[in-house]
Novice: 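Mind having a look at this structure? Questions to follow.
Below, chains carry the letters A, B, ... as their sequence lines are ordered, and counting in each starts from 1.
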Amino acid sequence: MSDKDKNAAEEAAEGKSKTNFIEAIINEEIKEGKHEGRVHTRFPPEPNGYLHIGHAKAICLSFGIAQKYKGKCNLRFDDTNPSKEETEYVESIKEDVKWLGFQWDEEHFTSDYFDQLYEWAEKMILDGKAYVDDQSAEEIAAQKGTPTKAGIESPYRNRTPEENLRLFRDMRAGKYKEGEKVLRAKIDMAAANMHLRDPLMYRIMHKEHHRTADKWCIYPMYDYAHGQSDYIEKITNSLCTLEFEVHRPLYDWFLDQLVEDEHYRPRQTEFARLNLSYTVMSKRKLLQLVKENYVNGWDDPRMPTVSGMRRRGYTPGSLRNFADTIGIAKRDNVIDVALLEHAVREDLNKVAPRVFGVLDPVKVIITNYPEGQTEEMELINNPEDESQGSRKVPFSREVFIERNDFMVDPPRKFFRMGPGREVRLKGAYIVKCEDYKMNAETGKIEEIYCTYDPDTKSGMSQANRKVKGTLHWVSCAHALDAEIRIYDRLFMDEAPDGHEDKDFKEFLNPESLQKTTAKVEPALANAKALDHFQFQRIGYFNLDPDTQKEGRLIFNRTVPLRDSWSKKGK
RNA sequence: UGCCCGAUGGUGUAAUUGGCAACACGUCUGACUCUGAAUCAGAAAAGUCCAGGUUCGAACCCUGGUCGGGCAACCA
């Protein structure tokens, strides 16, 4: 654990951070002496996909609460549906949780509890609380009624416990086909809460389970498994998202039937899930993007997955800060991605070295600089961290600058180059734009002609002269060509998330991934590959995305014109 | 026309649980800058969905509305 983490934990323990409503509930429980002040949470993903930024919020919450109260937090894989779950996902989830900076106290699988759950099911059958239904899924659905109309009881509802037990054991023994029989809880077909209308507890699935293989052919449903798993693990606070709110009465009902030690009864509390603007987080849709090759895998840098964001250069700390900033509440929310991007910039600015690279080069010729001369300019690697030192960058008569760092007719607050203007080439000289060559047909700038002031080299007497702005540059003679993948937002507009069936792929940004040849400084010669990300206001480079261990570089500004400039004119 | 939940500046969250509505992001203005659009200084912006009620006092409690979300998978 880093010092920073420690401080955060201590601060939280001392109650310096703001308290959310869940902490208020826990404080109340502690005051009442519930669980003897013990706090034990859990993060229970289904291993059917990769974790995304929404999960990161949930992880920070459950693990964060445990840290704050010096309690425990378990990682539990909710693997009750073998048709969707895979070991690949289990591994990625563990990796992502660790990367986020959390270590779970216990690791479990719901499948570890299949025996116990089965035993409890038999008990419920014997108690007359559960029965085997022979009807089809369609028939059961039809009998369920609607939110405004009560359901009707199954003709099999009143079988004797003995018969139910025999049938249930036969189900387990594999005597029936999928869909032929199910086990249902006997609650109330007229309940106002649809989830209480004799919900399914077990269904038959002749499927290989990623952990129990073919041991079972009946699998428990989420509602039957979750509360009991919490109970088994002695979870005190079971935190989940809002859509499970209507499940809580059922969660409690099952516990009512089975809890023997009230002391260990867990409590479910719901919070609002994260919604991010311009971001699709539905696992189903992310899976579709992967399967249909719209992206290059779950960890494609454009994906909102934890692994994608890792490749994109987000730091664990920035994600935790983000989670902390958005807080926890029960009301639906949509967070602007700008807030997330702000969190990375804040973090990256402190750690990432700066380099020169020109994505869209225009040649600048310094007409009064001696031909063939080269100077080594000393550049600070990170203005926010002296310990990162400096490097030498060669300078010569012809340099590339960014195309959008020059405007023929600059608006009021444009501090970069324009005809007749002086700007500083960062770490080198002040230059003045004397002339430029424009393609008459396309209006494209082809070359810019400048003169330099030899007395203004960084560190020299005249170096402090005020100029409009500062530009990054790369010497033409020394520039390296770098194949760069430029990543931008995956979705341009608000694509429908969740279960809406509109084709969200229509909202994909066709230019979310572009390849270009940029001019970069020689120091990047050993970079294996460069991925460039547009974080709204800074360009960010990830060196060597394969190992993900190498550099975090900030390419000196690659910001497009601000809207407000064009609005205001000059 | 059922049940459950929610509603506080543009956005998101607070408000010592009934006691001066605060913080962050964003926006705007100015300053500064060898690019961090960072930083610094300042400003605008809600009177807490509406209508009643209780109270010395209500964002908070009560009643009735309005609006928004969720719930009818052999998914989780």
Novice: Can you tell me the pairing partner of B:rA7 across any strand shown, Watson-Crick or G-U wobble, with both distances under 3.5 angstrom?
Specialist: B:rU66
Novice: Fit a plane to each ring of A:Tyr251 and A:His226, take the angle between them on a 0 to 90° scale, and name the class: parallel (under 30°), tilted (30 to 60°) or perpendicular (over 60°).
Specialist: tilted
Novice: Looking at every strand, decide which applies to A:Phe244 at a 4.0 Å heavy-atom threshold: base, sugar-phosphate, or nothing.
Specialist: base
Novice: Return yes if some donor-acceptor pair links the side-chain N/O of A:Glu402 with the main-chain N/O of A:Leu359 below 3.5 Å, else return no.
Specialist: yes
Novice: How is A:Pro383 classified with respect to the nucleic acid when contacts are heavy atoms under 4.0 Å: base, sugar-phosphate, or nothing?
Specialist: sugar-phosphate
Novice: Name the closest nucleotide to the A:Ala192 side chain, picking from B:rC71, B:rC3, B:rC34.
Specialist: B:rC3
Novice: Could you check whether any side-chain N or O of A:Glu23 sits under 3.5 Å from a backbone N or O of A:Asn20, counting only pairs where one atom can act as donor and the other as acceptor?
Specialist: yes
Novice: If you look at every strand shown and take non-hydrogen atoms under 4.0 Å, does A:Thr80 touch a base, only sugar-phosphate, or nothing?
Specialist: sugar-phosphate
Novice: Please name the nucleotide paired to B:rC71 by Watson-Crick or G-U wobble geometry with both distances under 3.5 Å, or report none.
Specialist: B:rG2
Novice: Among the nucleotides B:rU33, B:rG6, B:rC71, which one has an atom lying closest to any side-chain atom of A:Phe415?
Specialist: B:rU33
Novice: Nearest whole angstrom, please: distance from the P of B:rC5 to the CZ of A:Phe21.
Specialist: 13 Å
Novice: Kindly point out which of B:rC5, B:rA14, B:rG26 is positioned nearest to the side chain of A:Ala329?
Specialist: B:rA14
Novice: Using the glycosidic torsion, which applies to B:rG12: syn (within 90° of 0) or anti (everything else)?
Specialist: anti
Novice: Do the side chain of A:His209 and the main chain of A:Asp79 share a donor and acceptor less than 3.5 angstrom apart?
Specialist: yes
Novice: Determine: side-chain N/O of A:Arg345 to OP1/OP2 of B:rG36, distance under 4.0 Å, yes or no.
Specialist: no
Novice: Could you check whether A:Arg42 pairs with A:Glu233 (Lys NZ or Arg NE/NH1/NH2 to Asp/Glu carboxylate O, under 4.0 Å)?
Specialist: no
Novice: For atom C1', what is the distance between B:rA31 and B:rA21, given to the nearest Å?
Specialist: 31 Å
Novice: In this structure, which one of A:Lys432, A:Arg465, A:Arg416 forms a salt bridge (Lys or Arg N to Asp or Glu O under 4.0 Å) with A:Glu422?
Specialist: A:Arg465
Novice: If we call it a pair only when both distances are under 3.5 Å in a Watson-Crick or G-U wobble match, what pairs with B:rU33?
Specialist: none
Novice: So, does A:Asp324 use its side chain to make a donor-acceptor pair with the main chain of A:Arg320 at under 3.5 Å?
Specialist: no
Novice: Figure out the OH/C1' separation between A:Tyr202 and B:rC75, and round it to whole Å.
Specialist: 17 Å
Novice: What contact category does A:Ala24 fall into here, base, sugar-phosphate, or nothing, at under 4.0 angstrom with non-hydrogen atoms?
Specialist: base
Novice: What's A:Lys283 touching, base or sugar-phosphate or nothing? Going by heavy atoms closer than 4.0 Å.
Specialist: nothing
Novice: Think A:Thr325 has a side-chain N or O under 4.0 angstrom from the OP1 or OP2 of B:rG12?
Specialist: no
Novice: Sticking with atom C1', work out how far B:rC28 lies from B:rA15, rounded to a whole angstrom.
Specialist: 27 Å
Novice: What interatomic distance, in whole Å, is found between C1' of B:rA45 and the corresponding atom of B:rU11?
Specialist: 12 Å
Novice: So if I take every side-chain heavy atom of A:Asn20 and compare against B:rU17, B:rA14, B:rA72, which nucleotide ends up nearest?
Specialist: B:rA14
Novice: What does B:rA43 pair with, Watson-Crick or G-U, if both distances are under 3.5 Å?
Specialist: B:rU27
Novice: Sticking with atom P, work out how far B:rC3 lies from B:rG65, rounded to a whole angstrom.
Specialist: 11 Å
Novice: Could you check how far CG of A:Asn48 sits from C1' of B:rA76, rounded to whole Å?
Specialist: 7 Å
Novice: Rounded to whole Å, how long is the line connecting atom CG of A:Leu339 with atom P of B:rU27?
Specialist: 12 Å
Novice: By nearest atom, which of the nucleotides B:rA76, B:rG36, B:rC5 is closest to the A:Met221 side chain?
Specialist: B:rA76
Novice: A:Ile380 has an atom CD1; how far is it from atom C1' of B:rU33, in whole Å?
Specialist: 15 Å
Novice: Could you pick out which residue, A:Thr456 or A:Glu245, lies toward the 5' side of RNA chain B when each is mapped onto its nearest nucleotide?
Specialist: A:Glu245
Novice: A:Asp336 CG to B:rG9 C1': how many Å, rounded?
Specialist: 16 Å
Novice: Kindly point out which of B:rG12, B:rC75, B:rA72 is positioned nearest to the side chain of A:Lys144?
Specialist: B:rA72
Novice: Indicate, with a heavy-atom threshold strictly under 4.0 Å, whether A:Gln135 touches base, sugar-phosphate, or nothing.
Specialist: base
Novice: Distance check, C1' atoms only: B:rA72 and B:rU13, in whole angstrom units.
Specialist: 34 Å
Novice: Nearest heavy atom decides the nucleotide; on that basis, is A:Ile335 or A:Glu180 closer to the 5' end of RNA chain B?
Specialist: A:Ile335
Novice: Among B:rG12, B:rG2, B:rA72, which is the nearest nucleotide to the side chain of A:Ile326?
Specialist: B:rG12
Novice: Answer with base, sugar-phosphate or nothing: what part of the nucleic acid does A:Val334 contact at a heavy-atom distance below 4.0 Å?
Specialist: sugar-phosphate
Novice: Quick one: label A:Leu425 by what it contacts on the DNA or RNA (base, sugar-phosphate, nothing), any heavy atom closer than 4.0 Å.
Specialist: nothing
Novice: Does A:Leu255 reach the side chain of A:Pro266, with side-chain heavy atoms less than 4.5 Å apart?
Specialist: yes
Novice: In whole angstroms, how far is the P atom of B:rU1 from the NZ atom of A:Lys149?
Specialist: 13 Å
Novice: B:rA14, B:rC75, B:rC74: which one has an atom nearest the side-chain heavy atoms of A:Ala137?
Specialist: B:rC74
Novice: Where the side chain of A:Glu384 is concerned, which of B:rG36, B:rA76, B:rU33 is the nearest nucleotide?
Specialist: B:rG36
Novice: Which nucleotide, in any strand shown, forms a Watson-Crick or G-U wobble pair with B:rC61, with both distances under 3.5 Å?
Specialist: B:rG53
Novice: Given the P atoms of B:rG18 and B:rC25, what is the spacing between them in whole Å?
Specialist: 31 Å
Novice: Counting Watson-Crick and G-U wobble pairs only, both distances under 3.5 Å, name the nucleotide matched with B:rU48, or none.
Specialist: none
Novice: Taking only side-chain nitrogens and oxygens of A:Arg203, does any of them come within less than 4.0 Å of OP1 or OP2 of B:rC75?
Specialist: yes
Novice: Syn or anti for B:rU13, taking syn as within 90° of 0?
Specialist: anti
Novice: Without swapping roles, check the side chain of A:Tyr224 against the backbone of A:Leu117 for a donor-acceptor pair under 3.5 Å.
Specialist: yes
Novice: For a quick check, tell me whether the side chain of A:His247 and the base of B:rA76 share a donor-acceptor pair closer than 3.5 Å.
Specialist: yes
Novice: Looking only at atom P, what distance separates B:rG6 and B:rC20, rounded to whole Å?
Specialist: 24 Å
Novice: State which of B:rU33, B:rC71, B:rC75 makes the closest approach to the side chain of A:Asn81.
Specialist: B:rC75
Novice: Tell me if a side-chain donor or acceptor on A:Asp170 pairs with a main-chain N or O of A:Lys175 at a distance below 3.5 Å.
Specialist: no
Novice: How far, in whole Å, is B:rA58 from B:rG52 if one measures between their C1' atoms?
Specialist: 14 Å
Novice: Measure the distance from CZ on A:Arg76 to P on B:rA76 and round it to the nearest whole Å.
Specialist: 13 Å
